Amino acid sequence: MASNQFNLKLVAFNGISAALAGVIMYLLTSSDTTNWTLVAGGFVGASVVLFAIGYALDQRPLSLTGGWLGSAMGAGYVVLFQPIQSGDATTFISAAVGMIVLAPIYQRFFEAGEGMSGDN
């Protein structure tokens with residue numbers, strides 16, 4: 001697989017990873033979690049593990065391998081918007097689901113752009 005080829009499976013997997021991070025955030029809002037920095041660290045740890053798995057499986061492109069980006073986005077979201085409320089978590093889940101649903105459209109735009117000449 002070429003490194004510049006669109007990989008629909010990996011985009012969807014990153015969306016699923018982000019959605020799971022959002023669900024974890026939502027569940028933690030009901031438990032009155034106060035240490036959101038530790039939660040962000042957990043998402044970073046999950047991101048590293050997912051990247052290592054994807055790298056071991058030789059998934060390409062590396063920017064999407066293993067679904068690490070979804071967990072990393074969850075970590076960044078927690079750091080930026082802590083303390084997380086239930087509405088924050090559902091917003092993140094909605095964005096992740098949108099990423100999954102729109103992945104085929106992203107693929108069409110990518111493929112249309114690949115056919116264009118670089119002489120513009």
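We use all heavy atoms of the structure for the numbers below, so side chains are in, but hydrogens, waters and symmetry mates are not. Along the sequence shown, residues are numbered consecutively beginning with 1. None of the values given here were measured: they were computed from a predicted structure.
No donor-acceptor distance shorter than 3.5 angstrom exists from the side chain of Asn7 to the backbone of Pro61, with no hydrogens or angles considered. Side-chain atoms of Thr90 come within 3.5 Å of backbone atoms of Ser86 as a donor-acceptor pair (strictly under, hydrogens ignored). The backbone N or O of Asp88 lies less than 3.5 Å from a partner atom in the side chain of Tyr77, making a donor-acceptor pair. The main-chain N or O of Ala46 is never found under 3.5 Å from a side-chain atom of Ser71 such that the two would form a donor-acceptor pair. Remark: the backbone N or O of Trp68 is paired with a side-chain donor or acceptor of Ser47 at under 3.5 angstrom.
Heavy-atom minimum distance, Met99 versus Gly15: CE-CA, 3.1 Å. Heavy-atom minimum distance, Ala21 versus Phe92: CB-CE2, 4.2 Å. Minimum heavy-atom separation, Thr29 to Gln85: CG2-C, 3.6 Å. For Thr65 against Gly54, the heavy-atom pair with the smallest separation is OG1-C, 3.0 Å. The two atoms that bring Pro104 and Leu8 nearest to each other are N-CD1, 3.8 Å, heavy atoms only.
A 4.5 Å side-chain heavy-atom check between Leu28 and Ser31 finds at least one atom pair inside the cut-off. Side-chain contact between Leu69 and Ser17 is absent, with no heavy-atom pair separated by less than 4.5 Å.
Both Val78 and Phe81 sit in one connected hydrophobic cluster of ILVMFWY residues. Membership requires side-chain heavy atoms under 4.5 Å apart, directly or through other members. Taken together through direct or relayed side-chain contacts under 4.5 Å among Ile, Leu, Val, Met, Phe, Trp and Tyr, Leu10 and Ile105 form part of one hydrophobic cluster. Leu64 and Ile16 end up in different hydrophobic clusters when Ile, Leu, Val, Met, Phe, Trp and Tyr side chains are linked at under 4.5 Å. By the rule that hydrophobic residues join a cluster once side-chain heavy atoms approach within less than 4.5 Å of another member, Tyr55 and Leu50 end up as members of one cluster. No continuous path of ILVMFWY side-chain contacts below 4.5 Å connects Ile84 to Ile93, so the two sit in separate hydrophobic clusters.
The CZ atom of Phe51 sits 10.0 Å away from atom CD of Gln59, with the distance rounded to the nearest 0.5 Å. Here CG of Leu38 is found 10.5 Å from CZ of Phe43. Values are rounded to the nearest 0.5 Å. To the nearest 0.5 Å, atom CE of residue Met25 and atom CG of residue Leu20 are 10.5 Å apart.
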